[in-house]
Every structure is written in C-alpha cells, then in structure tokens.
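Just below is one structure, and these are the notes that go with it.
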Amino acid sequence: QVQLVESGGGSVLPGGSLRLACPFSGLPSRTYMAWFRQTPGKEREGVANIHIINGRATYDASVKGRFWISRDNAKNILYLQMNSLQPEDTAMYYCAAPSRLITANQFLDPEAYDYWGQGTQVTVSS
C-alpha cells in the first residue's frame with residue numbers, strides 16, 4: 001500500500017523559509033517524485049520534480065532559485081526546502097509519485113501522477 005504523508009507546513013512572514021517533508025512507502029516504481037501546490041479555485045501546479053536515484057531535479061520557473069527538492073533514500077523521505085517565501089507561494093502543498101515511467105514533459109504535470117499525499121498548508125503573510 002502506497003503511503004505519502006506531508007508535514008512541515010505553517011505560517012511564515014514574507015522572506016521566511018519552511019522545509020516540507022514527505023515520508024513515502026510502498027511505491028511500485030522508485031523513479032520520480034514531485035511536489036505540487038494548489039490554491040482554491042485554481043488548478044494544481046507542479047513545483048519541483050526529482051529522480052529518486054540520480055537526484056536530477058526540475059523546477060517550475062516561479063520557484064527556481066528559491067526552492068530545493070531533495071530526497072533521503074535511506075529514510076525514504078522527500079523534502080522541499082522553500083526559501084524567500086512570498087505571499088504568492090501560499091497554497092496547499094502535495095507530494096506525489098507516478099505508478100509508471102514518465103517523460104520529461106510530464107515532470108510537472110499532475111495528470112502523470114497517481115499517488116498523492118493529503119497535503120500540508122503553507123501560508124505566507126505579513
């Protein structure tokens with residue numbers, strides 16, 4: 001049984017930092033994992049993707065240089081370090097994994113992912 005459980009969300013001031021964590025288990029394919037975010041009334045959007053084995057990462061332009069995705073393969077935990085947070089980063093953040101191999105143009109496409117956590121809320125406000 002696949003389990004993804006996000007944690008680490010919270011409320012921060014603009015310019016602040018948070019680190020999200022997502023312990024995972026039961027994944028049928030240990031290839032890629034990703035972080036997505038969603039605000040009410042908007043579609044879920046890809047934030048960052050990582051290859052579990054080689055660590056190669058892909059970022060959405062809106063977070064590149066501020067967010068860093070990583071994984072601890074010994075502990076089976078996916079991380080998202082978020083720095084220089086801005087109000088527009090406010091959203092529910094989800095970790096996700098696909099059930100099969102995906103291509104580069106799918107890395108940040110929520111339709112390519114089959115397993116999702118319950119989400120953790122990040123609020124950036126002064």
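All residue numbers refer to positions in the sequence shown, counting from 1. The figures here come from the full heavy-atom set of this structure, side chains too, leaving out hydrogens, waters and symmetry mates.
When all heavy atoms of L78 and S70 are compared, the closest pair comes out as CD1-O, 3.4 Å.
Listed by first then second residue, pairs satisfying salt bridge (charged side-chain N to carboxylate O under 4.0 Å, His left out) with a partner in residues 95-118 read R100-D114, not counting sequence neighbours. Residue pairs that meet the disulfide bond (SG atoms under 2.5 Å apart) test with at least one member in residues 27-81, sequence neighbours left out, do not exist here.
Evaluation of the ring-ring contact (aromatic ring centres under 6.0 Å, His included) rule for F24 yields no partner, not counting sequence neighbours. In this structure, the side chain to side chain donor-acceptor pair (under 3.5 Å) partners of T103, at least two apart in sequence or on a different chain, are N105, Q106.
Taking the six-membered ring for Trp and the full ring otherwise, the centers of F107 and Y32 sit less than 6.0 Å from each other. Taking the six-membered ring for Trp and the full ring otherwise, F36 and Y113 have centroids separated by under 6.0 Å.
The closest side-chain heavy-atom distance from P23 to K75 is not below 4.5 Å. Counting only heavy atoms from C-beta outward, the side chains of F67 and N83 never approach each other to under 4.5 Å.
Side-chain atoms of E6 never come within 3.5 Å of backbone atoms of C22 as a donor-acceptor pair (strictly under, hydrogens ignored). Of the possible donor and acceptor atoms, none in the side chain of R56 sits under 3.5 Å from a partner among the backbone N and O of N49.
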Identify all side-chain donor-acceptor contacts of residues 41-48 below 3.5 Å with residues at least two apart in sequence or on another chain.
| from | atom 1 | to | atom 2 | distance (Å) |
| --- | --- | --- | --- | --- |
| R44 | NE | Q38 | OE1 | 3.1 |
| R44 | NH2 | Q38 | OE1 | 3.1 |
| E45 | OE2 | R37 | NE | 2.6 |
| E45 | OE2 | R37 | NH2 | 3.3 |

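Here L27 contributes atom CG and L4 contributes atom CG; the two are 6.0 Å apart, rounded to the nearest 0.5 Å.
In this structure, I77 belongs to a hydrophobic cluster whose other members, linked by side-chain heavy atoms under 4.5 Å apart, are Y79.
Counting heavy-atom neighbours within 6.0 Å of W116 CH2, excluding the residue itself, gives a total above 12.
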